[in-house]
Colleague: 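To start, I am sharing the structure in question, which I have written as C-alpha cells.
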2 protein chains.
Amino acid sequence: MKPAGRIGVKEIAKMTNVSIATVDRVLHNRPGVSPATEKKIRAVIRKYNYQPNILARTLATRKTLKLAALIPAVSKETTYWQAPLDGIDEAENEIRQFGIAVEKYFFDLNDAQSFVRQARKILRNKADGVLLAPHFANDAETFSRQLADKQIPFVYINSDVPGQENLSYIGPHLYQSGYLGGQLADFIGGEKSTCLVVNISRIPDSYYYLLKKEEGFRAYFEGRNKVKILKTDIQKTDYPSIKKELTALLNTHKIDLIFVTNSRVFYVARFLEERGMEHIRLIGFDMIDRNIRHLEEGTIDFLISQKPREQAYRGILALYNKLIKGADVEKQCFMPIDIITKENYRFYTN
Amino acid sequence: MKPAGRIGVKEIAKMTNVSIATVDRVLHNRPGVSPATEKKIRAVIRKYNYQPNILARTLATRKTLKLAALIPAVSKETTYWQAPLDGIDEAENEIRQFGIAVEKYFFDLNDAQSFVRQARKILRNKADGVLLAPHFANDAETFSRQLADKQIPFVYINSDVPGQENLSYIGPHLYQSGYLGGQLADFIGGEKSTCLVVNISRIPDSYYYLLKKEEGFRAYFEGRNKVKILKTDIQKTDYPSIKKELTALLNTHKIDLIFVTNSRVFYVARFLEERGMEHIRLIGFDMIDRNIRHLEEGTIDFLISQKPREQAYRGILALYNKLIKGADVEKQCFMPIDIITKENYRFYTN
DNA sequence: CTGAAAGCGCTTACAG
DNA sequence: CTGAAAGCGCTTACAG
C-alpha cells in the first residue's frame, strides 16, 4: 500500500523520538509543539518528502464536508444549465465516498433577487466551500466578500468577476471564442460578405459578456477589409421581439452570415427557416437541444461550446482538492473552445 | 464518513449474528460459508443496499496492483505518442495512492517484432491489467489471446481489433472523423473544387485505418457531385519520397484542397510552403508540434484530433475501476472528434 | 464452516 | 508541551 520507500507518521515519530500525535500536530500546524521538536520533525518530513496517505486521512477524519453550488435553474428559455448540473452530480458521485456532500441552490436568470435570496440561504446553512455562477456581478461581489470574510473558499464558473478572492475561475475565454467565431465566419463566408452580429440579452444582465465576444469577432476581421459587419442588440428574449428586429434588418440589408453571441441562436435559426433564408450562414454558441436540431437541419453551421458540464465538474473537484488535500488551484482555468458541427456533435462531451 | 443511513460490515455481522470475517467471505464470494448463513447475509446486503467503503478496502488490502502499458515510442517521425504517455502518467499519479503502479513498455512503430518482444516481456513480468495500442493487428491478436487465457483484462486505445476479448476500446471513430473531414473541406472549398486525399503509410501497417478515414471523407460528398476526389497512397514516410509523389501529382492536376489522413500532414504543408502553393487548402490530423507550426502559419487550415492523452488516461482508469471496484466498463468508447484551428488550439486539451 | 484479533495509516479525544 | 489508546471500515492470517 505505502509505495516502497515511502514513510508514514509512524516512521517519522520513530526517527524523531516523539509520538505520532506530535507528528500529527506539526503536520496540521496545530499549536502545542515546542519549537525544537517541531524543527526536528519538519526536517524529517522534508528530507523524506513525506506524502500523507489521503485514504487513511479521509477514513480517520470523520468530518464530512458540505459544499454548496449556486447556479441558474434550467428554464424554458434555455436548458443550458442542465450541463453544469450534470457536472456537479458527476463530481459528487466521485467524491461522495470521501465524505463530501454537495447541496444545490438555483436562481432565476431573470431575477437578481433570487440570486441574493439563495446566497443568503447558503450563508445560513453554512458550507465549507461554494461553487457559483456569478451571473449578477454586483450581487455576486457582495456574496463573494461575505464568503471571503468567513474564509470559505469559492469558485466561479461560466463567467468571471475580476478582483475577487475567488479560489479559481473556470470557464470560457470570451474574447477568444468570439475571435474563433470570426475565423469560422471567414472560412465559410465568401469574399466580400456582410456579417450581422446579434446580441440577445436583457441589458445589462449578461450584456457585458456578449460584448466581449463581439469584440473578439470584430478583432479577427481587423485589417482584412473583406467583410462588412453590422450589429444589433435585441433586448427582449421572446421570439416575437426577435422576429421583429430581424425582419426589419433583413428587409433593409443583404446579409450573408449571422453570428449570434450566445445560446439563443436557435431563435435566429427558426426565423431563417420560417423566411426560407437558410442560405444565410449561421454561427452561434452552446450545444443545447434546440440548437442541435438546427445543426442537424443545416440551418446552423457552427456552434461554439465551452464544456459547461466540465466547468462545474472541475469546480467541485477544485474545492475538494483545496479542502481535503490542501492542494493549490489555478486561479484562472480557461476551457477549450470547441467547434461543433453536424458531423461531430454526436461524439462531443460537454 | 459513512454517509448517514449507510451500513458497514459490522452492522451486517450484528444483524445476521455472524462475525465480520464471515460477512467478508460472502462479500468476496470466497468459499467456506454455509448456504444458510450466506443467504441470510446476502439478504441483508440487498435490503440495505450495502456499498463497501473503497477507502477502507484499499487501505486494508495491502496488495498493490501492477498495470502494464504497451504503446509506440515517441520517434523523430512522430511525437504523437507523447500525449498518450502523458495520459498514462497523469492517471498513474491519481491512482498511485490507491496502490496502483503502471509499467510502460514501448515498441517501434516500424518494427512489428519490437511489439512482440515487449508483449512477451509483459507476460514474463506479470501484470494485473494491460493497456495497449494494437498497432500490428495480427501480433496484437496473439497477445490478446494470451492475456485472455490468463484472465488478465486489457484495453485497446487508438485503434481497435474487432472480435477480441478486450475489456474496452477507447479511441477514434475513424469513419466519422473522415466524414467530418469531408464536411470541413466542403465548408472551405469553393464550388466545384478538386480534392486530393493523401494516405502516407507503409502498407500494410496502419493503412487499413487510413482507408477508413478516406471512406468517410468520400461518403460525405456522395450525391453532391460538386467535388472531384483524387487520391494517392504514399508508401514511404520520408520527405523526399513524399515530395516526389506530390510534385508529380500537382504538375498534372489542379488541386484546391488536400486531405491528409494522418498526422503526417506537416510533410504536405512543408511541401506546399516550399512550392509557394499555400493557397491550396489543407486538412489533416493530430495536434503534434510540427502540425501546430503550420496551423500558426496558415498552411494547415484544420486539424482533427481525438484526445490522445485522454484515451490513455481513460484506459488506465478503466482498468483500475474494473480491478479495484469491479465496475463495469463500456466495451466501446469513441472519443470526441475535435476540430482544431489556429484560433482555438491554444486552449485545446488533448 | 466460523470467529477473535491484528493491522492498513491516519485522527481524535483524553490524560498528564 | 507530549503520549497512549481507541477508532475510521475494511482485509488477512490464524486458530479452532
Side-chain angles (χ1 to χ4, degrees), chain A residues 1-42 44-45 48 50-65 96-100 323-326, chain B residues 1-42 44-45 48 50-65 96-100 323-326:
Chain A
M1 188 56 236
K2 197 166 36 174
R6 290 221 150 297
I7 61 169
V9 284
K10 214 192 298 184
E11 284 75 22
I12 299 177
K14 204 169 300 164
M15 298 171 92
T16 49
N17 295 314
V18 298
S19 72
I20 56 170
T22 298
V23 174
D24 194 66
R25 283 184 188 98
V26 351
L27 242 23
H28 294 90
N29 304 309
R30 267 188 256 106
V33 183
S34 79
T37 76
E38 171 166 357
K39 204 176 150 206
K40 263 196 308 187
I41 294 173
R42 287 209 189 283
V44 173
I45 289 175
Y48 291 89
Y50 165 75
Q51 302 285 4
N53 181 325
I54 302 291
L55 258 59
R57 173 179 291 179
T58 310
L59 190 61
T61 315
R62 247 77 46 94
K63 179 180 52 170
T64 105
L65 289 182
R96 195 204 322 273
Q97 57 181 306
F98 301 115
I100 317 277
L323 255 18
I324 296 281
K325 303 194 193 172
Chain B
M1 187 58 236
K2 197 166 35 175
R6 291 221 150 297
I7 61 169
V9 284
K10 214 193 297 183
E11 284 75 22
I12 299 177
K14 205 170 298 164
M15 298 170 92
T16 49
N17 293 316
V18 298
S19 72
I20 57 171
T22 298
V23 173
D24 194 65
R25 284 185 187 98
V26 351
L27 242 24
H28 294 89
N29 305 308
R30 267 187 256 105
V33 183
S34 79
T37 74
E38 172 167 356
K39 203 174 148 206
K40 263 195 309 186
I41 294 172
R42 288 209 187 280
V44 173
I45 289 175
Y48 291 89
Y50 166 76
Q51 302 285 4
N53 182 326
I54 302 291
L55 257 59
R57 173 179 292 180
T58 310
L59 191 60
T61 315
R62 246 78 45 93
K63 178 179 52 170
T64 105
L65 289 183
R96 196 205 320 275
Q97 57 181 306
F98 300 114
I100 316 278
L323 255 18
I324 296 279
K325 304 195 193 171

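What you are looking at is a predicted structure, and each value in this text was computed from that prediction instead of being measured.
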Colleague: Rounded to whole Å, how long is the line connecting atom CD1 of I45(B) with atom C1' of dC10(D)?
Modeller: 14 Å
Colleague: Rounded to the nearest 0.5 Å, what's the gap from CD1 on I41(B) to CD1 on I12(B)? Could you check?
Modeller: 8.0 Å
Colleague: Write down the distance between CZ (R57(B)) and C1' (dC8(D)), rounded to a whole number of angstrom.
Modeller: 16 Å
Colleague: Passes side chain to side chain contact (heavy atoms under 4.5 Å, CB included), V9(B) versus Y50(B)? Steps please.
Modeller: CA-CA 9 Å; V9(B) 284; Y50(B) 166 76; 3.9 Å; yes
Colleague: Find which nucleotide of DNA chain C each of A56(B) and S19(B) is nearest to by heavy atoms, and output the residue with the more 5' nucleotide.
Modeller: S19(B)
Colleague: Using nucleotides 12-15 of chain C, report all nitrogen or oxygen pairs with the protein that are shorter than 3.5 Å.
Modeller:
none

Colleague: Could you measure the distance from the CD1 atom of I20(B) to the CG atom of L27(B)? Nearest 0.5 Å is fine.
Modeller: 11.0 Å
Colleague: dC1(C), OP1 or OP2 - any side-chain N/O from T22(B) closer than 4.0 Å?
Modeller: no
Colleague: Would you mind reading off the distance between K14(A) atom NZ and dG9(C) atom C1', rounded to a whole angstrom?
Modeller: 13 Å
Colleague: Fill in the dot-bracket string of DNA chain C, one character per base: . for unpaired, | for a pair to another strand, ( ) or [ ] for pairs within the strand, taking Watson-Crick or G-U pairs under 3.5 Å.
Modeller: |||.||||||||.|||
Colleague: When rounded to the nearest 0.5 angstrom, what distance separates CG in L55(B) from CZ in R57(A)?
Modeller: 12.5 Å
Colleague: Roughly how many Å is it from CG in L59(B) to P in dA6(C), rounded to a whole number?
Modeller: 18 Å
Colleague: What is the separation between atom NZ on K10(B) and atom P on dG7(D), rounded to the nearest whole Å?
Modeller: 8 Å
Colleague: Measure the CD1-CG distance between I54(A) and L59(B) for me, rounded to the nearest 0.5 Å.
Modeller: 12.0 Å
Colleague: Any chance you could measure T22(A), atom OG1, to E38(A), atom CD, to the nearest 0.5 Å?
Modeller: 11.0 Å
Colleague: Please report, rounded to the nearest Å, how far the P atom of dG7(D) is from the CG atom of N53(B).
Modeller: 18 Å
Colleague: Check side-chain contact (heavy atoms from CB on, under 4.5 Å) between R30(A) and all other residues, then give those that pass, not counting sequence neighbours.
Modeller: D24(A), R25(A), H28(A)
Colleague: Suppose we screen for side-chain hydrogen bond (donor to acceptor under 3.5 Å, both in side chains). Which residues come up paired with N17(B), at least two apart in sequence or across chains?
Modeller: none
Colleague: For the OG1 atom of T16(B) and the CD atom of E11(B), what is their distance to the nearest 0.5 Å?
Modeller: 11.0 Å
Colleague: Mapping T37(B) and P52(A) to their closest nucleotides on DNA chain C, which lands nearer the 5' end?
Modeller: T37(B)
Colleague: Whole-Å distance between dG9(D) P and L27(B) CG?
Modeller: 15 Å
Colleague: At under 4.0 Å, does any side-chain N or O of Y50(A) touch on OP1 or OP2 of dG9(C)?
Modeller: no
Colleague: I need the NE2-P distance between H28(A) and dC10(C), as an integer number of Å.
Modeller: 10 Å
